[in-house]
Structures are given as C-alpha cells and as structure tokens.
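Scroll down for the structure; my scribbles are underneath it.
Side-chain atoms are counted along with the backbone in the values below, which use heavy atoms only and exclude waters and symmetry mates. Just so it is clear, the structure is predicted and the values come from calculations on it, not from any experiment.
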Amino acid sequence: MSAVTRDILPYHLRCKQWEAPRQYTLTISRDKRVSGEQTSIRCSIPLTLNMEQLLETSAVVRLRIYRPYFNGNRDYNKWQWIFARLLSLSRELHIRTRRSGAVREILNEQQIQKQWPGVKQQLTEMYDDPLVEELLSRHEHNLFHHFHSLYGREPVLQFLCNDLFRSYSEETAAETKKILPRHLGTIPFPLIERKQLTRLEPRHHEAEITVDGCPDTERIDAEAVNRYLGQVAGDVPVQPYQFTYRGAYRVNTSLGCISEASLQVEGAMGETYQKNTTYHLTATDHE
C-alpha cells in the first residue's frame, strides 16, 4: 500500500442500502477443561443482516437471528432450550451503528423487553430449579437495568459489528477497547483489540483485516481475576494465565458487509484450566 492510511469504506458507496438481506451461518464452538473435566458446545445459528439506511456518520442495520442448532439438530436438552428461549428475545434487532460498523445503540429496546414476561413465565413453569431461577433473575436485572451494556458487550454483536470500515494506518494498528462479559465466569474481562488491514483490492471491492488482542491491564480487576482462578485451581498452585485473542475478516468494501470472519478467544492456566471459544461466520448467499 502506497498511502500512509487507507479508508476501506469510501464515502460514495455503490448503494445506500442493500437490495436484500445478507444470509449467514454463525458457528460457535466452546471447549472448557477444569481439573481434568471437559465440556464442549457446538452451536450454529442462521442469521440475516440488512443495512436499511446509510447516513454520513451512521447506519441502521437489521439483524435477524433464527433458532440455533446444537451438534447439527434442534433436539434440545434443558440448558440448550433455555439458551434458545433467551436468544429468541433478540431474534430481531434494529441496530444503529457508526459508519465504521461499531454498535451505537439498539433501537427496539422496548420491543425486546416486552417479550420478557412470557419467556420468563414459560421457563419458570418448565423448570423448578434454583440454578434456572438465578439465571433468569440475573438476566432480568441486566435486561431492564443494564440493557445497553448487556447488548454492547455481547460477544456475538461485537463480532458482527466490529468497527471494521474505517481508515487504517500502515504503521500502527487500529485499537478498540472491549470487554468480554463471560470469559472468566461472570467477571468482566477488559481487552484491547488491534486491527490491521492486510489486503485491499479496490477493483474487486475486497479487503482483509486481521485482529489480535491483549488484556487491558489498566482496566482489569486483577483481584477478581486471581480470586476466580484460585477457586478454579483448588489446591493446585495458581500458574500464569495465558490469553490468546486472534481472528480475521474478509469484507466487501462496496456494500460494507462481511464476507467471512473468524475469531478465537483462548485462556489457559497450565493443565488446570483451559477454555477455548471460536466464532466463525460464513455467508450462505452470493455476493
């Protein structure tokens, strides 16, 4: 690249809105190993994204999320069904983003909150379980008292709306401060994500961006993190915590949409604690 900075989303796009929603499949894989015991989750979620309006400094995007598959089917167990019902609250999100793609606000907040009583009642009647009650109580509190942080920190939304369409410097990576809400239990885990433009093909309207991240030591609650890791370790001495965060995006710069994306978030403390989560987004339509 010859210029010092390159803007991969020029002001004059081919269109101010997409002719049809973009269709994707989001695959989430999570493997967690604690003191020799391992749990694994494989989930795929069909979804569509549609940019309905593009303004000078912002855009309005509609995200529609469909019923998830676990291990290729919809024959849910208890916790999979609870996840699917909670996910149904967000089956349609109207999102105002910055022009670069980062989330600014959820426009249909009241519509989402109005669905809660029915979902809560159904799950409460189905499961007489203190753990379920605790989960629903915590979700209800966040939904009505911390709505913006609940959705602003949601990993899937951060993955889909990731401030990609911006100017990039050849010399320094673009940095974004984020928080992972469920990386270590319920402890917020701040990080600094760095993005680098690695390929730009103006004629083919394509670009590739790589991302990596590291813990934000200025914002992290080290005492809470160490306490959680100490509880996980039990009698085993706490070892240094290794954190890995890396991914890649391939984007269409003419439409301002993602063609394909992947992200891996991994944490490990020796053999005592290991957690690996990957996100993979693939387009199921044709550009």
Side-chain angles (χ1 to χ4, degrees), residues 20-30 39-52 60-97 103-162 180-183 186 258 261 263 277-285:
R22 316 298 297 178
Q23 300 175 16
Y24 299 94
T25 295
L26 172 64
T27 303
I28 304 173
S29 301
R30 179 171 298 159
T39 58
S40 297
I41 298 174
R42 301 289 183 269
C43 175
S44 61
I45 306 172
L47 57 88
T48 61
L49 272 168
N50 191 23
M51 183 169 69
E52 298 186 332
V60 175
V61 176
R62 186 184 297 262
L63 170 62
R64 189 168 185 83
I65 301 174
Y66 298 88
R67 287 179 59 200
Y69 293 85
F70 288 92
N71 299 317
N73 64 69
R74 287 172 169 161
D75 185 15
Y76 301 151
N77 63 28
K78 172 182 174 179
W79 293 105
Q80 291 169 352
W81 172 249
I82 292 172
F83 172 83
R85 288 299 287 131
L86 294 180
L87 184 66
S88 71
L89 293 169
S90 307
R91 60 177 170 263
E92 187 160 320
L93 295 178
H94 303 169
I95 309 168
R96 186 184 305 279
T97 71
V103 175
R104 286 180 56 181
E105 62 177 322
I106 305 298
L107 300 175
N108 59 327
E109 175 181 347
Q110 293 184 356
Q111 176 186 344
I112 295 169
Q113 292 172 336
K114 285 181 180 179
Q115 300 175 69
W116 174 250
V119 171
K120 178 183 178 181
Q121 180 178 353
Q122 183 186 38
L123 293 176
T124 300
E125 292 175 351
M126 291 179 65
Y127 304 112
D128 183 13
D129 184 334
L131 291 178
V132 175
E133 292 179 7
E134 180 183 353
L135 173 65
L136 295 180
S137 176
R138 184 168 63 247
H139 195 84
E140 181 176 52
H141 179 78
N142 290 332
L143 189 65
F144 288 93
H145 299 282
H146 303 287
F147 182 89
H148 295 290
S149 61
L150 175 67
Y151 280 87
R153 296 177 179 179
E154 168 54 46
V156 169
L157 281 186
Q158 292 192 58
F159 178 57
L160 297 175
C161 305
N162 199 14
L180 300 178
R182 296 182 294 274
H183 177 64
T186 59
I258 299 172
L263 177 67
T277 304
T278 61
Y279 304 86
H280 190 198
L281 184 74
T282 55
T284 55
D285 56 4

Side-chain heavy-atom pair Arg91, Ser88 within 4.5 angstrom cut-off: yes
Between CG on residue Leu135 and CD on residue Glu140, distance to nearest 0.5 Å: 11.5 Å
Side-chain donor-acceptor pair present, Arg74, Gln80, cut-off under 3.5 Å: no
With Arg96 via side chain to side chain donor-acceptor pair (under 3.5 Å) - residues at least two apart: Glu105
Parallel, tilted or perpendicular, as decided by the 30° and 60° cut-offs, for the rings of Phe70 and Phe83: perpendicular
Close side-chain approach of His280 and Leu26, heavy atoms under 4.5 Å: no
Inter-residue atom distance Asn162.CG - Leu263.CG, 0.5 Å rounding: 8.0 Å
Close side-chain approach of Arg42 and Tyr69, heavy atoms under 4.5 Å: no
Main-chain N/O of Ile258 paired with Tyr24 side-chain donor or acceptor, under 3.5 Å: yes
Donor-acceptor pair between Gln121 and Glu125 side chains, under 3.5 angstrom: yes
Exceeds 12 heavy-atom contacts within 6.0 angstrom, atom CG of Asn77: yes
Intermediate values then yes/no, side chain to side chain donor-acceptor pair (under 3.5 Å), Gln115 and Gln111: CA-CA 7 Å; Gln115 300 175 69; Gln111 176 186 344; over 6 Å; no
Trace of the side chain to side chain contact (heavy atoms under 4.5 Å, CB included) decision for Leu86 with His139: CA-CA 9 Å; Leu86 294 180; His139 195 84; 4.2 Å; yes
Residues in side chain to side chain contact (heavy atoms under 4.5 Å, CB included) contact with Tyr66, at least two apart in sequence or another chain: Pro46, Thr48, Arg64
Close side-chain approach of Asp129 and Lys78, heavy atoms under 4.5 Å: yes
Side-chain heavy atoms of Ile28 within contact of Thr278, under 4.5 Å: no
Enclosure of Asn73 CG (heavy-atom neighbours >12, cutoff 6.0 Å): yes
Heavy-atom check, side chain of Tyr279 versus side chain of Arg30, under 4.5 Å: yes
Short side-chain to backbone donor-acceptor contact, Ser137 and Glu133, under 3.5 Å: no
Leu136/Val119 under side chain to side chain contact (heavy atoms under 4.5 Å, CB included): CA gap, chis, key distance, verdict: CA-CA 10 Å; Leu136 295 180; Val119 171; 5.9 Å; no
Distance in Å, Leu89 CG paired with Leu143 CG, rounded so as to fall on 0.5 Å steps: 6.5 Å
Asn108 side-chain N/O to Glu92 backbone N/O, donor-acceptor pair under 3.5 Å: yes
Check: Asp285 side chain, Gln23 main-chain N or O, donor-acceptor pair, under 3.5 Å: yes
Leu63 CG to Arg22 CZ distance, which is reported to the nearest 0.5 Å: 14.5 Å
Any donor-acceptor pair under 3.5 Å from Tyr76 side chain to Pro68 backbone: yes
Sub-4.5 Å side-chain heavy-atom contact between Trp81 and Tyr127: yes
Approximate separation, where rounding is to 0.5 Å, of Arg138 CZ and Leu150 CG: 11.0 Å
Minimum side-chain heavy-atom gap Thr25-Leu281 below 4.5 Å: no
Enumerate donor-acceptor pairs with a distance under 3.5 Å from any side-chain N or O in residues 151-158 to protein atoms, sequence neighbours excluded.
residue: Tyr151; atom: OH; partner: Ser90; partner atom: OG; Å: 2.8
residue: Glu154; atom: OE1; partner: Arg182; partner atom: NH2; Å: 3.4
residue: Glu154; atom: OE2; partner: Val156; partner atom: N; Å: 3.2
residue: Gln158; atom: NE2; partner: Arg153; partner atom: O; Å: 2.8
residue: Gln158; atom: NE2; partner: Ile179; partner atom: O; Å: 3.1

Lys114 NZ: over 12 foreign heavy atoms closer than 6.0 Å: no
Nearest-0.5 Å distance that lies between atom CD1 in Ile95 and atom CZ in Arg104: 13.5 Å
